[in-house]
2 protein chains.
Amino acid sequence: MKNKKDQDTEQQILQAANRVFQKKGYEGARMQEIANEAGINKALLHYYFRSKEKLFDRIFREAFSNFWPSIEKVTKGGNAEIKELIEAAVNGYMDILEDKPFLPAFIVGEINRSPERIKDLLLSTGLQPEKVLKIVQDAIDAGEIVEMDPRELIVNIVSLSIFPFIGRPLLSSMFWESTEEFDLFLKDRRKTVYEFICRSIMKRT
Amino acid sequence: MKNKKDQDTEQQILQAANRVFQKKGYEGARMQEIANEAGINKALLHYYFRSKEKLFDRIFREAFSNFWPSIEKVTKGGNAEIKELIEAAVNGYMDILEDKPFLPAFIVGEINRSPERIKDLLLSTGLQPEKVLKIVQDAIDAGEIVEMDPRELIVNIVSLSIFPFIGRPLLSSMFWESTEEFDLFLKDRRKTVYEFICRSIMKRT
DNA sequence: GTCTATATAGGGATAGAC
DNA sequence: GTCTATCCCTATATAGAC
């Protein structure tokens with residue numbers, strides 16, 4: 001049963017490539033290291049994926065598509081509660097990032113390296129930023145939250161959720177005893193970030 | 001007067017190296033490209049800075065030391081107003097980042113590449129995180145702001161200030177018509193971020 | 001499909017003339 | 001101090017046997 005073996009090797013390669021590319025970036029990654037991690041040799045790597053570029057593209061597209069929290073449940077109807085949206089976004093990011101803490105640094109680093117493909121990548125995700133903006137705008141129009149550029153709120157939510165993972169080495173060195181303790185702090189953030197944002201935008205009656 | 005010329009060439013190199021390293025990172029940067037940008041050749045590059053590693057180290061240390069907004073005026077006394085601290089921090093970052101928007105992506109990317117030198121780098125900056133934490137803690141004890149882990153506030157200030165610059169390509173593609181318009185948004189942030197934070201933490205009487 | 005061996009290019013670094 | 005020419009190693013990629 002050759003097919004089984006093929007699948008297996010390809011998966012080994014993809015997992016190894018994922019680890020190495022995410023840690024070292026495209027330029028820093030070595031095909032040799034990926035081969036070693038996958039338990040095969042370089043030639044076989046090129047047999048499966050013709051070039052480093054192609055292998056990277058596969059990995060990066062996958063990573064990029066995993067980067068967006070699923071908030072469809074909230075946006076579907078179109079007239080969701082703003083608090084639901086915030087909670088879904090924050091929790092969504094936390095779920096992803098606790099599992100893959102190096103994802104954001106990888107994404108932003110590689111996008112910075114070649115910004116030209118952003119449009120293409122975004123299209124393939126099928127994201128609909130307008131829907132999210134509309135929910136925020138509706139909440140403003142309804143007087144539920146303070147007046148602001150809806151995009152400002154989005155940027156703030158994303159910043160508060162993602163940045164601590166990007167700045168983890170620096171932040172933990174400066175303000176925590178160990179990275180383990182910092183990770184505990186990160187675990188709490190799904191609650192504290194939500195509260196921090198709500199305190200700022202909700203109108204009191 | 002040879003000395004003048006030396007200085008000049010060295011400066012050319014440093015500026016070129018700065019541009020190239022910040023854009024491409026250590027692994028992606030090419031000594032050839034730095035030489036071209038500086039208007040000289042590779043050999044002369046090695047004459048001034050013996051190796052790529054040494055040249056990079058020089059650039060990175062400089063960049064790292066420029067990364068910290070000066071808030072000494074506020075922290076000196078030790079009993080500063082919390083609002084002053086926030087304003088100084090946000091404005092400090094905005095000043096730096098409007099001038100050098102790629103600095104944070106560069107710093108976090110390279111620190112990720114070799115996290116072991118963080119301690120050394122932080123020491124050489126002479127930063128005193130405790131002082132900042134104390135100001136926040138005092139404000140909490142005095143009942144001026146809501147109860148929270150002081151480090152949480154710091155992390156939030158830093159996240160809101162820095163992340164939009166790191167995520168600029170993505171954010172601007174998703175929510176703005178052009179990068180120019182996004183930059184206008186960034187200009188406003190020194191006000192909106194400050195207000196966003198204050199609304200969240202200040203107790204109403 | 002998987003391996004060993006090798007071709008080829010690119011990039012960091014040095015030698016040596018001026 | 002600055003250049004040209006070149007060395008040498010490393011990394012991607014391919015050829016060809018099994």
Side-chain angles (χ1 to χ4, degrees), chain A residues 1-63 106 109-110 112-114 117, chain B residues 1-63 106 109-110 112-114 117:
Chain A
M1 217 179 202
K2 283 256 173 179
N3 204 6
K4 177 67 197 324
K5 193 63 185 299
D6 293 5
Q7 291 285 329
D8 207 55
T9 303
E10 187 168 333
Q11 287 308 313
Q12 289 296 321
I13 293 176
L14 287 173
Q15 286 173 25
N18 202 49
R19 281 194 296 274
V20 175
F21 277 133
Q22 293 221 20
K23 191 167 178 182
K24 309 274 181 86
Y26 178 80
E27 295 286 354
R30 296 291 170 257
M31 294 295 265
Q32 183 63 61
E33 191 179 352
I34 295 174
N36 291 344
E37 285 234 1
I40 55 166
N41 58 36
K42 279 191 294 178
L44 200 53
L45 214 50
H46 282 87
Y47 173 80
Y48 275 88
F49 305 87
R50 308 216 339 186
S51 68
K52 181 183 183 181
E53 186 65 43
K54 284 187 167 56
L55 176 55
F56 177 81
D57 194 66
R58 172 73 175 273
I59 296 295
F60 187 70
R61 296 192 104 84
E62 172 79 7
F106 177 57
E110 294 304 323
N112 200 283
R113 194 173 63 89
S114 47
R117 49 180 161 171
Chain B
M1 214 177 206
K2 285 258 173 179
N3 204 5
K4 176 71 197 320
K5 193 65 186 298
D6 293 5
Q7 291 285 328
D8 208 56
T9 304
E10 188 168 333
Q11 286 308 313
Q12 290 295 323
I13 293 176
L14 286 173
Q15 285 173 27
N18 202 49
R19 281 195 296 275
V20 176
F21 277 133
Q22 292 220 20
K23 191 167 179 182
K24 309 273 180 87
Y26 178 80
E27 295 286 355
R30 296 288 170 261
M31 294 296 266
Q32 184 62 61
E33 191 179 354
I34 295 174
N36 290 345
E37 285 234 3
I40 56 167
N41 58 38
K42 274 193 297 177
L44 199 53
L45 214 51
H46 282 90
Y47 173 80
Y48 276 88
F49 304 87
R50 310 213 341 175
S51 69
K52 182 183 183 182
E53 185 66 42
K54 283 187 168 54
L55 176 55
F56 177 81
D57 194 65
R58 171 74 174 272
I59 297 295
F60 187 69
R61 296 193 104 82
E62 173 79 7
F106 177 57
E110 294 303 323
N112 200 282
R113 194 173 63 87
S114 46
R117 49 179 163 175

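In what follows, chains are A, B, ... by sequence order, proteins preceding strands, each numbered from 1.
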## Note on the structure
Taken to the nearest whole Å, CD1/B:Ile34 to P/C:dG11 is 12 Å

### Task
Rounded to the nearest angstrom, tell me the gap between atom CG in A:Leu45 and atom C1' in C:dT4.
16 Å

#### Entry: Side chain to side chain, A:Leu55 and A:Ile34, heavy atoms closer than 4.5 Å
yes

### Query
If you round to the nearest 0.5 Å, how far is CG of A:Leu14 from OG1 of A:Thr9?
11.0 Å

#### Entry: Check: A:Asn18 main-chain N/O paired with A:Lys23 side-chain donor or acceptor under 3.5 Å
no

## Note on the structure
Rounded to whole Å, the CZ-P distance (B:Phe49 to C:dG12) equals 16 Å

### Query
Looking at B:Asn41, does any N or O in its side chain come under 4.0 Å of the phosphate oxygens OP1/OP2 on D:dT4?
yes

### Task
Look at the aromatic rings of A:Phe106 and A:Phe60 and report parallel, tilted or perpendicular, splitting at 30° and 60°.
perpendicular

#### Entry: Quiz item: cation-pi between B:Arg113 and B:Phe21, 6.0 Å / 45°
no

#### Entry: Interatomic distance where CG belongs to A:Asn36 and C1' belongs to C:dC3 [whole Å]
14 Å

### Query
Within the structure, does a side-chain N or O atom of B:Thr9 lie under 4.0 Å from either OP1 or OP2 of D:dT2?
yes

### Task
Would you mind reading off the distance between B:Ile40 atom CD1 and C:dG12 atom P, rounded to a whole angstrom?
14 Å

### Summary
Per-nt protein contacts along nucleotides 11-18 of chain D (heavy atom under 4.0 Å; B base, S backbone sugar-phosphate only, - none) come out as SBBBB---

### Query
For B:Glu33 and C:dG11, what is the distance between atoms CD and P respectively, to the nearest whole Å?
10 Å

#### Entry: A:Arg50: side-chain contact (heavy atoms from CB on, under 4.5 Å) partners, not counting sequence neighbours
A:Lys54

